[in-house]
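By convention in this document, chain letters (A, B, ...) are assigned in the order of the sequence lines, proteins followed by strands, and residues within each chain are numbered from 1. Computed from a predicted model, the values in this text were never measured in an experiment.
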Amino acid sequence: MRERGSQLFRRHRPSWRAPVELLSFGLYFLCAVLLVLSRIGHGVIADTRDGLVDLSAPLLEAASLPAIEARRAMERVRSYTAAFDEIDRLKEENDELKQWEWRTKLLERKVAHLRSLLNAVEEPGLAFVTGRVIADARGPFVRSALINLGRKDGLRIGYAVINGDGLVGRTVDAGGSVARVLLLSDLNSRIPVLVGPAGVRGLASGDNSSELQLDFLPDGAAVYAGDEVYTSGSDGTLPRGLKIGVVAGSAGALKVKPYAELNSLHAVSVLFFDTPALARADPSEAGVPGALSLAPSDRPGMTATASTPLPVATATADEISGGGGRAQGDP
Amino acid sequence: MTKLLPALSVLFAVIATAVPWGLPADATFILPLVVVMMVFCWRAIPGTALPPLGAAGLGLLADLMSGGPLGYWALMCLIAATVGDRPGSLGQGRDFGALWLIWIALVSALGVFGWLLASAYYFRWIDWWPIAFGAVATVVLFPVVLYGLLWIRNGRIGPARNVIFRGSS
């Protein structure tokens with residue numbers, strides 16, 4: 001027993017541990033320094049992070065494939081089990097949409113007529129490129145996603161990211177072939193919005209939960225649950241009219257329920273909406289012609305020709321606010 | 001290769017934290033905490049090597065992948081590595097129950113510390129629920145992970161089991 005005890009003593013209390021203790025202390029100190037540098041947004045940290053994330057992108061992409069396929073398979077099984085209900089629902093929705101189509105065509109003609117009377121300048125279309133989410137970022141700090149598009153594809157920091165349901169977030173870091181998208185639900189996300197048919201101005205802020213807070217509404221604003229929320233574009237970085245979600249909750253604690261399912265994103269599109277504000281925020285690409293001018297062919301790896309294999313497309317802001325643009329080559 | 005097993009298995013878990021599983025927002029804390037738990041377990045299993053430097057490096061990788069502040073998960077892994085190496089004076093006769101209790105205490109402390117650190121980082125109170133949920137989930141998962149790591153180490157839960165599970169024959 002005594003011998004066993006002495007063995008334990010030898011194992012856990014070596015005669016000289018100073019280098020080990022010193023190393024541990026050094027590591028704790030390094031972590032603290034990194035946290036502080038990260039907090040103040042030191043450039044070296046950001047650059048190193050971008051570089052390393054770029055390096056790890058192929059690995060992440062490969063690792064995410066099985067998970068994506070598994071998710072897709074599960075969704076398929078779920079959809080099979082609810083197929084008949086879904087068919088009934090889609091039939092009803094189709095009937096409703098046919099009526100809407102007819103009304104929309106009427107309105108389109110009317111708008112075109114009024115625009116011609118006013119001699120209004122045509123709104124430029126928006127170019128976009130579509131990519132895939134290759135990694136999630138989960139933790140106490142961020143709700144973000146890595147996508148397999150980067151500066152090589154013409155991305156820069158601040159671009160709006162959408163999927164078929166609506167706005168998803170915006171790019172906050174861009175490496176050569178990967179970019180990080182800050183999701184709407186992130187603690188740091190702030191989107192100026194318009195609410196409801198009256199277009200009441202407000203601010204949709206993320207709080208790391210599945211719904212967004214709706215702040216800075218004018219006193220007595222007529223905002224009700226179910227009202228649609230869309231971007232106002234007043235921050236000068238996002239296009240106006242991108243749909244975000246609907247108002248939920250009760251008066252005094254209004255929330256926004258995003259249309260996009262932010263927990264399970266797959267394919268997303270990045271809108272090339274260049275503005276002076278973005279050029280100031282991300283001056284490294286200042287020399288590249290802006291996408292407001294809408295020239296996908298100006299960007300490396302992209303052309304505006306119909307033969308382009310990339311799902312690069314042009315669409316008007318109205319088309320995009322309706323749930324994403326149409327890829328080139330699509331019918 | 002055997003010496004690299006702890007680091008490789010944790011690296012695998014770190015990569016898994018970044019994979020888009022489509023987990024709900026409340027469950028986002030589970031996978032990173034499992035990484036911390038693996039570091040703790042590897043340090044607690046006798047005869048394995050996962051030095052603090054390796055643990056911090058893997059935590060740093062988790063920080064990079066998550067896009068969060070650098071140093072956060074590195075710090076968590078480092079604390080787990082420090083505590084895992086010194087679970088009281090149980091020595092080689094550590095039993096499973098005691099190890100589990102130590103993990104419960106550690107993950108509770110880490111949860112509170114992590115929540116305070118995150119709140120201080122952002123100058124606002126962070127939602128505590130995902131952290132608490134993650135901590136509870138790792139407490140439940142602890143036996144599975146520990147058995148899993150022993151299996152990884154030996155290819156089966158054999159002789160090494162005895163040094164952890166006191167009283168088993």
Side-chain angles (χ1 to χ4, degrees), chain A residues 4-5 7-9 11-12 20 23-24 27-28 30-39 45 48-49 52-53 56 59-60 63-68 70-71 74 133-146 172-173 180 182 185 187-188 207-210 261-266, chain B residues 12 15-32 46 51-53 55-57 59-76 78-79 81-82 85-86 89-93 114-115 117-122 124 126-127 129-131 134:
Chain A
R4 185 167 171 255
Q7 276 175 358
L8 281 178
F9 185 80
R11 182 177 182 273
H12 285 286
V20 181
L23 176 68
S24 289
L27 287 172
Y28 279 107
L30 181 69
C31 289
V33 169
L34 282 173
L35 273 167
V36 172
L37 289 178
S38 201
R39 172 67 214 175
I45 295 284
T48 311
R49 185 197 289 273
L52 288 171
V53 168
S56 64
L59 177 69
L60 280 175
S64 66
L65 272 178
I68 289 169
R71 259 171 49 194
M74 280 174 69
V133 172
I134 57 169
D136 266 349
R138 301 309 182 99
F141 300 108
V142 282
R143 295 283 184 273
S144 67
L146 283 184
V172 285
D173 283 324
R180 187 177 294 282
L182 190 79
S185 54
L187 205 60
N188 291 312
D207 61 357
N208 280 1
S209 69
S210 56
E261 182 51 67
L262 300 174
N263 289 327
S264 54
L265 293 170
H266 176 51
Chain B
F12 187 77
I15 293 168
T17 61
V19 169
W21 297 108
L23 295 172
D26 288 343
T28 52
F29 221 87
I30 296 175
L31 287 174
L53 187 64
L60 208 56
L61 190 64
D63 286 324
L64 278 169
M65 300 246 180
S66 72
L70 286 184
Y72 181 84
W73 288 113
L75 194 58
M76 297 289 164
L78 203 53
I79 293 171
T82 308
D85 194 35
R86 297 171 182 174
S89 56
L90 293 164
Q92 292 205 335
W115 175 68
L117 189 62
S119 301
Y121 188 87
Y122 280 106
R124 76 174 83 167
I126 301 286
D127 185 16
W129 169 245
I131 301 178

Test your reading of the model: is there a side-chain donor-acceptor pair from Tyr121(B) to the backbone of Leu35(A), 3.5 Å cut-off?
no

Heavy-atom closest pair (Arg180(A) atom, Leu64(B) atom, distance to 0.1 Å) is NH2-O, 3.3 Å

Quick one: what part of Ile134(A) sits under 4.5 Å from any heavy atom of chain B, side chain, backbone, both or neither?
backbone

When rounded to the nearest 0.5 angstrom, what distance separates CG in Leu59(A) from CD1 in Ile15(B)?
4.0 Å

Of all the heavy-atom pairs spanning Ser38(A) and Pro69(B), show the shortest one and how long it is.
OG-CA, 3.3 Å

Between the CG atom in Leu30(A) and the CG atom in Leu78(B), the distance rounded to the nearest 0.5 Å is 9.5 Å

Using non-hydrogen atoms only, which part of Leu53(B) is less than 4.5 Å away from chain A: side chain, backbone, both, or neither?
both

Side chain / backbone / both / neither for Ala56(B) at chain A, heavy atoms under 4.5 Å
side chain

Which heavy atom of Arg49(A) sits nearest a heavy atom of Asp63(B), and at what distance?
NH1-O, 3.5 Å

Out of curiosity, Leu187(A) CG to Asp127(B) CG, how far, rounded to the nearest 0.5 Å?
9.5 Å

Non-hydrogen atoms of Ser64(A) and Val19(B) that approach each other most closely
CA-CG1, 4.0 Å

With a 4.5 angstrom heavy-atom cut-off, which part of Leu52(A) approaches chain B: side chain, backbone, both or neither?
side chain

Testing the basics here: between Met65(B) and Ser56(A), what is the closest heavy-atom pair and its distance to 0.1 Å?
CE-CB, 4.4 Å

Heavy-atom proximity to chain A below 4.5 Å, by part of Ile79(B):
both

Could you tell me which of Asn188(A), Leu37(A), Ile68(A), Asp173(A) has the largest number of non-hydrogen atom pairs under 4.5 Å with chain B?
Asn188(A)

Tell me, for Arg39(A) versus chain B, whether the close heavy atoms (under 4.5 Å) come from the side chain, the backbone, both or neither.
both

With the side chain counted from C-beta on, respond yes when Leu34(A) and Leu75(B) share a heavy-atom pair under 4.5 Å apart, and no when they do not.
no

